[in-house]
Amino acid sequence: MARRANFFEHLHPPTLPRRESGFGYTFGLGGITLLLFVVLGVTGVLEMFDFSPQAPENYRSVARLTFEVPYGWLIRNMHYWAGQAMLVTATLHMTRVVLSGGYKGRRLNWLIGVALLVGTTLTDFTGLVLRWDENVAWALLVGTNVIWEIPGIGPMLYRIIVGADKVCCSATPVRFYTWHVLGLALPVAILIVWHLWRIRRDGGISHIAGSRHIRRPRAELVRVESLAAVTTLAALVWLSVSMDAPLGPPANLERPVDEAKAPWFFIGIQELLRHLPPLLGGVIIPVGALIAIALIPYVFDRSKEGEGIWLNRPGRNAQVIFGAIMAAIVLLGVIGALRR
Ligand code: HEM
């Protein structure tokens, strides 16, 4: 009697393109990003049992979790490192999609992906503020002040995000906590489900036109995915055991802002803000880069040819524009990091 497919095998279509369902095409990056998000959900819920959002109790509760709650340090470290790793793997996954023409014929899913990257970045950003140590000063004072600069809606948006006319110890940390858990992480979870469903609706993973589809290897694919998942989890635990999530002295928002440090993924924006007016460096350039990325399948490469082909010719403009934006982000990040 034929063996029945299990739950995980059913998550995949019955037939798969031979080449593209292999590790050498996706590098498992979408799946690893998904796994990291699941880890974030589980460790985040565990952290919620001990966390108090009001300042200064927020700082004390994070310190208690780190130093007193049994295995609290491990839960916190895993949450922190999974958050940083998810940003890296989501960006690498997006890069793979651009270079292999994976966005072709998948415009809506590309936009969902861009929304996921924005949502993931903002979830990480709001999460960093929750520990309320000295490192949150840049995020709270410089990062949020950029919102004022948005023409027309800036002040209103600032109040919605920060909870008052200026950063304060009662409203702001509670606002950030609610944004982090319900305003951002929850929508990201919903978007991920939509993203995965769209892959099936778009005819499965991108592939070279007419490529050979095979029936058998669903179980084989699940085995490879399980191996990638166990390796990712092992790496995450190893990282969390060997390197602690940062926790400096309690926040002192009276200190000069010049000394404040942006989180690593905003070092590029901090660098731009050093040289340009806040509206240009903090809003127009970053949002412009994001819009350019979102428009890739709508403006820079509308062709269907080249799907599944690395560095395909019709996608040249898209690859160059994406590459230039990424290179600028990395370069600004390196310059900013060297300045610290
Ligand atoms: C942040 C959370 C994300 C998760 C959990 C996720 C998950 C996945 C998974 C599991 C796949 C299947 C193939 C693969 O593993 O590569 C996939 C495909 C895809 N993703 Fe994502 N993704 C995320 C972010 C993004 C981003 C930031 C973009 C681009 C802006 C994007 C665009 C796409 C597209 C267009 C496909 C179809 C590509 C193809 O079939 O080759 N995704 N995603």
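Read the numbers this way: they start at 1 and go in the same order the structure lists the ligands and their atoms. All heavy atoms count here, side chains included; hydrogens, waters and symmetry mates do not.
Protein heavy atom closest to atom 38 (C) of ligand 1, with residue, atom name and distance, is G102 O, 3.5 Å. Counting only heavy atoms of the protein, atom 37 (C) of ligand 1 lies nearest to R106 CD, 3.9 Å. Atom 40 (O) of ligand 1 has its closest protein heavy atom at S206 N, 2.7 Å.
Contact check on R159 versus D165 returns a salt bridge, with a Lys/Arg side-chain nitrogen under 4.0 Å from an Asp/Glu carboxylate oxygen. Taking a cutoff of 4.0 Å between a charged side-chain nitrogen and a carboxylate oxygen, E305 and R313 do not qualify as a salt bridge. The existence of a salt bridge linking E134 and K261 is excluded, since no basic side-chain nitrogen approaches an acidic carboxylate oxygen closer than 4.0 Å. Taking a cutoff of 4.0 Å between a charged side-chain nitrogen and a carboxylate oxygen, E220 and R223 do not qualify as a salt bridge.
The aromatic ring centres of Y298 and W110 sit 6.0 Å or more apart. Taking the six-membered ring where the residue is Trp, the centroids of F300 and F322 are separated by 6.0 Å or more.
Without hydrogens or angle criteria, R19 side chain to G308 main chain gives a donor-acceptor distance under 3.5 Å. A donor-acceptor pair under 3.5 Å is formed between the side chain of S21 and the backbone N or O of P17.
Both the sub-6.0 Å distance and the 45° axial angle are satisfied by R96 relative to the ring of Y25.
Atom 21 (Fe) of ligand 1 has H93 NE2, H195 NE2 as its protein N, O or S neighbours under 2.8 Å.
For atom 14 (C) of ligand 1, the nearest non-hydrogen atom from the set K104, R96, R198 comes from R96.
Of all the heavy atoms of L196, the ones lying under 4.0 Å from any atom of ligand 1 belong exclusively to the side chain.
Proximity to L34 (heavy-atom distance under 4.0 Å) selects the following atoms of ligand 1: 5 (C). Atom numbering of ligand 1 starts at 1 in the shown order; those under 4.0 Å from a heavy atom of G31 are 10 (C), 15 (O). The atoms of ligand 1 that sit less than 4.0 Å from any heavy atom of V114 are 30 (C). Remark: ligand 1 atoms within the under-4.0 Å shell around heavy atoms of L117 are 27 (C).
At a 3.5 angstrom cut-off on N or O pairs, S100 does not count as close to ligand 1.
Ligand 1 lies within reach of W110, whose nearest heavy atom is under 4.0 Å from it.
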Verdict with supporting geometry, L332 and I267, side-chain contact (heavy atoms from CB on, under 4.5 Å):
CA-CA 7 Å; L332 282 169; I267 295 182; over 6 Å; no

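Taking the six-membered ring for Trp and thresholds of 30 and 60 degrees, F266 and W138 have ring planes inclined between 30 and 60 degrees apart.
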